[in-house]
Amino acid sequence: MQPRERFIAALERRPLTGRVPHFELVFFLTMEAFGKVHPSHRNYSQWGQMEEKERELHRLDMADIYIATAERFEHSAIFIHPNPDTVEETIRLIDILREKTGDRYFLMRHGDATFSIPDGKEMFAFAERLADDPEGLKREAQQKVDAAIRRAEVYARHGGLDGFALCADYCFNSGPFLSPRHFAEFITPYLAQLTAAYRDMGFYVIKHTDGNIMPIIDQLVATKPHALHSLDPQAGVDIAEVKRRYGDQVCLIGNVNCALLDTGAPEEIAESVRYALRNGMPGGGYIFSTSNCIYTGMPLKSYEFMLEIWRREGVYA
Amino acid sequence: MSQPNLELLFTAIVDGDAKRAAAVAQAAVAAGVDPQTMLTEYMIPAMDEVGARFEANECFVPELLISARAMKAAMEVIRPLLLGRAVEPAGRVVIATVQGDLHDIGKNLVATMLEGGGFQIVDVGVDVSPDKLVEAVQVHQPQIVALSALLTTTMPSMKRMIDRLVQEGLRQRVKVMVGGAPVTQDFAEEIGADGYSDNAAGAVTLARRFVGVAA
């Protein structure tokens, strides 16, 4: 089986033999690993001014970085971050990746359209709208979902893209930004619509959010994503409990503690990796990953250490 | 004029009803109620109640912010009366997100809750260098410095901030509290901070303890 097929099997919670699939939402350490600036860190303000042949060279260079990352770290999936982030450039990048790798990798891009936690400047205005203009907020939520579905229809017609990662963050370490009641009103119906539309088009859906999801996890699972990503142990999310309660409904991705990769001792990293594997793998429906991504500033050797354990112990009989 | 029911001021703030909070405050002012009494016995306790509910997961960030808005609406009514009376804040806090970190949600929440708790806030912003922090401490003479970091990669900046306060001879003048998603009590102790809270309401309790004000 190609890595893509194994990734899809895990998303569909089918049993696997061999190594449990792995990927990361983002691997930012491309300068250290490959001597290349990560595509998301590039400033293409003069993109429109470039000759087409120069744009194409940049696209090829960015595609090569995604492929090199997948090959070196044995990712089964590539999460593209097109830069510039347009539908046209997404399609061009997909085509290049498919041309270079065929169907070897599962390809996904951002696809969320629901309200995430606003930043510190916007959160006051958001809270005021929630209290003063709830119907206006719902209209905006619907418009965002409708626009995302229209974009997805273009990708579906073109082909090559396998799925979407929905990366709106909903939760802090302590719990959700919105109360479960507000979440049910302002997020869940729109997330369910979006997920259903993506599924109807044949796409796979991975719902990511940081933080303590437990107060809203019933709602998240009820929107029927193929997978839940992050399962953040820093926020107290226990993959064993999530697996026990929802393992028959949704694939689980993540749970290796990012903070430990950053600052923990090797034995602490090892324990986090082993806990995720031990509790995520049984019965299938698990994709090995950190609880966020390989972010800027993380020691590469910690990620490589995490993978060493996965290679030895993340194997189905 | 009959004495207004000040419990309504308390409940308006807890409920996040800014219009009602302002209206009750105006009626109380018109009836000659001492604004200091309104502030210390009804308004700040209302925000404390919201903070307690927040800590108990009975209310969430948007409700907390809407209560803070109601608190501000009532404050607008009584502020002119307080100005002439030299009413001192519970304390002055310089708050910042540390160098290298652009996240401001936690910082802003803590600032809002501290303000609701009667503290004066000097918000230095995000990605704040040790130099900028030192300057803010020298200029504003706070009793408390509050530092926030969301990333494990920026947590070491907290120690650099504290070390710099030591170098400048300012450390003994201020209490330092730290917080943020990856920060722990152990880390706070390790870097020499005076206190840690994992949430905005707890930060108010901590700040009150620092300045010797009863909760």
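First the proteins, then the strands, lettered A, B, ... as listed; each starts at 1. Note that the structure is a prediction, hence the values are computed from the model and not measured.
- Looking at A:Leu130, only its side chain comes within 4.5 Å of chain B, counting heavy atoms on both sides.
- Nearest heavy atoms, B:Ala149 versus B:Met158: N-CE, 3.4 Å.
- Contacts of B:Leu109 with chain A are made by both backbone and side-chain atoms, with heavy-atom separations under 4.5 Å.
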I'd like to know whether A:Phe79 forms a side chain to side chain contact (heavy atoms under 4.5 Å, CB included) with A:Glu24, so could you lay out the CA-CA distance, the side-chain angles of the two residues, the decisive distance to 0.1 Å, and finally the verdict. CA-CA 8 Å; A:Phe79 182 20; A:Glu24 292 292 335; over 6 Å; no

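- Using the six-membered ring where Trp is involved, A:Phe126 and A:Phe177 have ring planes that are tilted, between 30° and 60° apart.
- Checked against a 6.0 Å centroid threshold, the rings of A:His38 and A:Phe27 do not count as neighbours.
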Considering only heavy-atom distances, could you tabulate the donor-acceptor pairs under 3.5 Å between chain A and chain B?
unit_1	atom_1	unit_2	atom_2	d
A:Gly120	N	B:Asp104	OD1	2.6
A:Gly120	O	B:Asn108	ND2	2.9
A:Lys121	NZ	B:Asp104	OD2	3.1
A:Asp132	OD1	B:Arg69	NH2	3.1
A:Asp132	OD2	B:Arg69	NH1	2.7
A:Asp132	OD2	B:Arg69	NH2	3.4
A:Asn173	ND2	B:Ala181	O	2.9
A:Asp262	OD2	B:Thr152	OG1	2.2
A:Asp262	OD2	B:Thr153	N	3.3
A:Tyr295	OH	B:Thr152	OG1	2.6

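- In this structure, chain B has no heavy atom under 4.5 Å from any part of A:Pro215.
- Formation of a donor-acceptor pair under 3.5 Å by the A:Thr195 side chain with backbone atoms of A:Ala192 is not found in this model.
- Contact of the A:Phe34 side chain with the A:Leu29 side chain is not registered, since no non-hydrogen atoms from C-beta on lie closer than 4.5 Å.
- Considering all non-hydrogen atoms of both residues, B:Leu64 and B:Cys59 come closest at N-SG, 4.4 Å.
- The contact between A:Ala131 and chain B is made entirely by side chain atoms (from C-beta outward), counting heavy-atom distances below 4.5 Å.
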Given the rule in the salt bridge (charged side-chain N to carboxylate O under 4.0 Å, His left out) test, do A:Lys207 and A:Asp112 qualify, once you have shown the distances and angles that lead to the verdict? CA-CA 8 Å; A:Lys207 178 57 210 164; A:Asp112 216 330; 2.6 Å; yes

